[in-house]
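Here's the structure, in structure tokens; my notes come after.
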Amino acid sequence: MPRKAAALTKLFVLDTNVLMHDPTSLFRFEEHDIFLPMGTLEELDHNKKGMTEVARNARQASRFLDEIVSGCEDSIEAGIPLSSKSRKAATGRLFLQTKISRIDTPLTLPNSKVDNQILGVILSLREEQPKRQVILVSKDINMRIKARALGLPAEDYFNDKVLEDTDLLYAGVRELPEDFWDKHGKGIESWQADGHTWYRVKGPLVSHLLVNEFVYQEGSNPLYAIVRSVDGNVAEFQTIKDYSHQKNNVWGITARNREQNFALNVLMDPEVDFVTLLGQAGTGKTLLTLAAGLMQTLEHKRYSEIIMTRVTVPVGEDIGFLPGTEEEKMTPWMGALEDNLDVLNKTDDSAGDWGRAATQDLIRSRIKVKSLNFMRGRTFLNKYLIIDEAQNLTPKQMKTLITRAGPGTKVVCLGNISQIDTPYLTEGSSGLTYVVDRFKGWPHGGHITLARGERSRLADWAGEVL
């Protein structure tokens, strides 16, 4: 490689956790080169056993490395080109450590620890190639702090992030500016259909709207509508059903605020197959979803049953040696389901104790609790699938779950991206953030970020001050 080209491109030294987090990271560094120390390969080998997501990723990373290296054994010293294996996505080279680094790690850091060996390798590389930028890439915060203490540049691995800033995440709701009708009222068309008012509007804001995005205007003449189509600078709005009124109650539940009203509209819409609800604790995600599910399963007969699953943190590993069937093993994780069913069962006061008990048995027979571990390969027909605590899923796990949906199935993902318990997952790289971003604007998908807590004045105050 010419010296000038080498000086322009950077050399990224990968820590093991990057490969175990995203095996395709080998092909994500574009024109820059990658260096893998022996310590990284050693740790990859240690972590390949088992059925966890990390072990699967370690095995996949090893397969990628095998494909890249096999047949190029003679050119390891000079670097193996990545362009053919990555379909030109990466044009840099892969270097493997072929000799012991001459520099011992300073500050008498113990050499027995792989992290310190990797730091020693980076110091050695920097001495060999002084004109080139050598950068450590690691998802381990302490490793990056150590590197910076030694004066070495270190970065997190950002390629898995859907969004840099979660404040930019699609909210599903947009407030129309006060002068909206002045700017967009010219040539407006309006008509009635199926009990809703429709508007066809043109103007500058239209190009920013997305299909199934809710738009609203407060004031003396409030408007609550959903964007049904966007074609160039022409959009069609449809006014929504008011679920805050008792006559439109869903299994005895009415919307307590604007966002809950929007959420019930997408949950009850048979044309929407995929719904994501984000929100802090106490915003009503699970209650609204279950109420809509029971109404459509037991009254409207749209779905045959409700299937509820959630990530069991410790995440999606073995659900262990609890006694009983899959359903019984999942029971300790399903406190949220029990609490919400208690609320929904109390809504029918006229039924009396016998009636309530009968309803409860009927509801129990229609709600199945499943573990994520046994989802692969299944197909759900005419089911109402609720994925709770979805912020703890990786994008890959999320894809596995959503692709289970067969004809007539509705999938609802619930979560709070500020409560992530899975190691190496952040708000920006969570599977929930991923699906919200990828599904926005799809005519059969809906998303709402619930803003207001409705649990109790105590819970709301605690959420604010603690």
Side-chain angles (χ1 to χ4, degrees), residues 14-28 40 43-44 47-48 50-61 115 136-145 154-171 274 276-281 283 285-286 309-319 333 336 371-373 375-376 386-404 411-440 447 449:
L14 300 194
D15 194 2
T16 325
N17 48 47
V18 175
L19 292 170
M20 292 194 299
H21 178 71
D22 177 12
T24 62
S25 57
L26 290 163
F27 310 122
R28 304 273 187 172
T40 294
E43 281 192 319
L44 212 53
N47 287 288
K48 69 184 181 187
M51 294 306 293
T52 64
E53 185 80 5
V54 167
R56 282 193 200 103
N57 286 349
R59 291 195 290 273
Q60 185 58 58
D115 285 5
L136 167 70
V137 180
S138 175
K139 293 207 68 74
D140 181 349
I141 296 171
N142 290 327
M143 177 75 159
R144 297 201 299 269
I145 293 169
E155 291 179 7
D156 192 359
Y157 176 67
F158 293 114
N159 224 302
D160 60 325
K161 282 193 169 56
V162 184
L163 290 171
E164 280 301 313
D165 184 358
T166 45
D167 290 344
L168 303 173
L169 188 62
Y170 172 59
F274 181 70
T276 43
L277 295 184
L278 258 67
Q280 300 291 330
T283 46
K285 303 182 294 291
T286 314
T309 183
R310 77 184 292 179
V311 187
T312 50
V313 180
V315 181
E317 311 292 331
D318 195 358
I319 51 174
W333 299 101
S371 166
L372 287 177
N373 301 357
M375 287 293 187
R376 189 164 272 170
I386 304 170
I387 305 167
D388 201 4
E389 301 291 342
Q391 76 275 5
N392 286 319
L393 290 165
T394 63
K396 197 173 163 194
Q397 286 172 316
M398 193 62 107
K399 182 182 176 183
T400 305
L401 278 178
I402 296 171
T403 50
R404 302 301 101 226
V411 181
V412 185
C413 292
L414 314 173
N416 174 8
I417 53 170
S418 59
Q419 283 186 343
I420 294 176
D421 305 305
T422 314
Y424 298 134
L425 266 194
T426 60
E427 292 182 7
S429 59
S430 160
L432 188 55
T433 312
Y434 178 68
V435 288
V436 169
D437 195 61
R438 294 297 163 96
F439 274 91
K440 67 183 181 193
H447 167 70
T449 301

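The structure presented is a predicted model; accordingly, all values stated were derived computationally and were not measured.
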Without swapping roles, check the side chain of [X] against the backbone of [Y] for a donor-acceptor pair under 3.5 Å.
| X | Y | value |
| --- | --- | --- |
| Asp437 | Thr433 | no |
| Lys285 | Cys413 | no |
| Gln391 | Gln419 | yes |
| Thr40 | Leu14 | yes |
| Arg144 | Glu155 | no |

Worked check of side chain to side chain contact (heavy atoms under 4.5 Å, CB included) between Asn17 and Met143
CA-CA 11 Å; Asn17 48 47; Met143 177 75 159; 5.8 Å; no
So [Y] and [X], do their side chains get closer than 4.5 Å, heavy atoms only?
| X | Y | result |
| --- | --- | --- |
| Asn142 | Ile145 | yes |
| Leu278 | His447 | yes |
| Thr449 | Leu169 | no |
| Asn392 | Leu425 | no |

Just verifying a value: how many Å separate [X] [atom1] and [Y] [atom2], rounded to the nearest 0.5 Å?
| X | Y | atom1 | atom2 | answer |
| --- | --- | --- | --- | --- |
| Asn416 | Thr283 | CG | OG1 | 7.5 Å |
| Ile387 | Gln397 | CD1 | CD | 11.0 Å |
| Arg404 | Ile402 | CZ | CD1 | 10.5 Å |
| Thr403 | Leu401 | OG1 | CG | 7.5 Å |

Return the minimal non-hydrogen interatomic distance between [X] and [Y], and the atom names on each side.
| X | Y | result |
| --- | --- | --- |
| Ala58 | Asn47 | CB-O, 3.8 Å |
| Ile420 | Ser430 | CD1-CB, 3.9 Å |
| Ser138 | Asp140 | OG-N, 3.0 Å |
| Met20 | Val54 | SD-CG1, 3.7 Å |
| Val436 | Thr276 | CG2-OG1, 3.8 Å |
| Glu427 | Ser418 | OE2-CA, 3.6 Å |

Go through the steps to decide whether Met398 and Leu432 satisfy the test side chain to side chain contact (heavy atoms under 4.5 Å, CB included), and finish with yes or no.
CA-CA 8 Å; Met398 193 62 107; Leu432 188 55; 4.2 Å; yes
Only one of Asp22, Asp156, Asp15 passes salt bridge (Lys or Arg N to Asp or Glu O under 4.0 Å) with Lys139, and that residue is Asp156
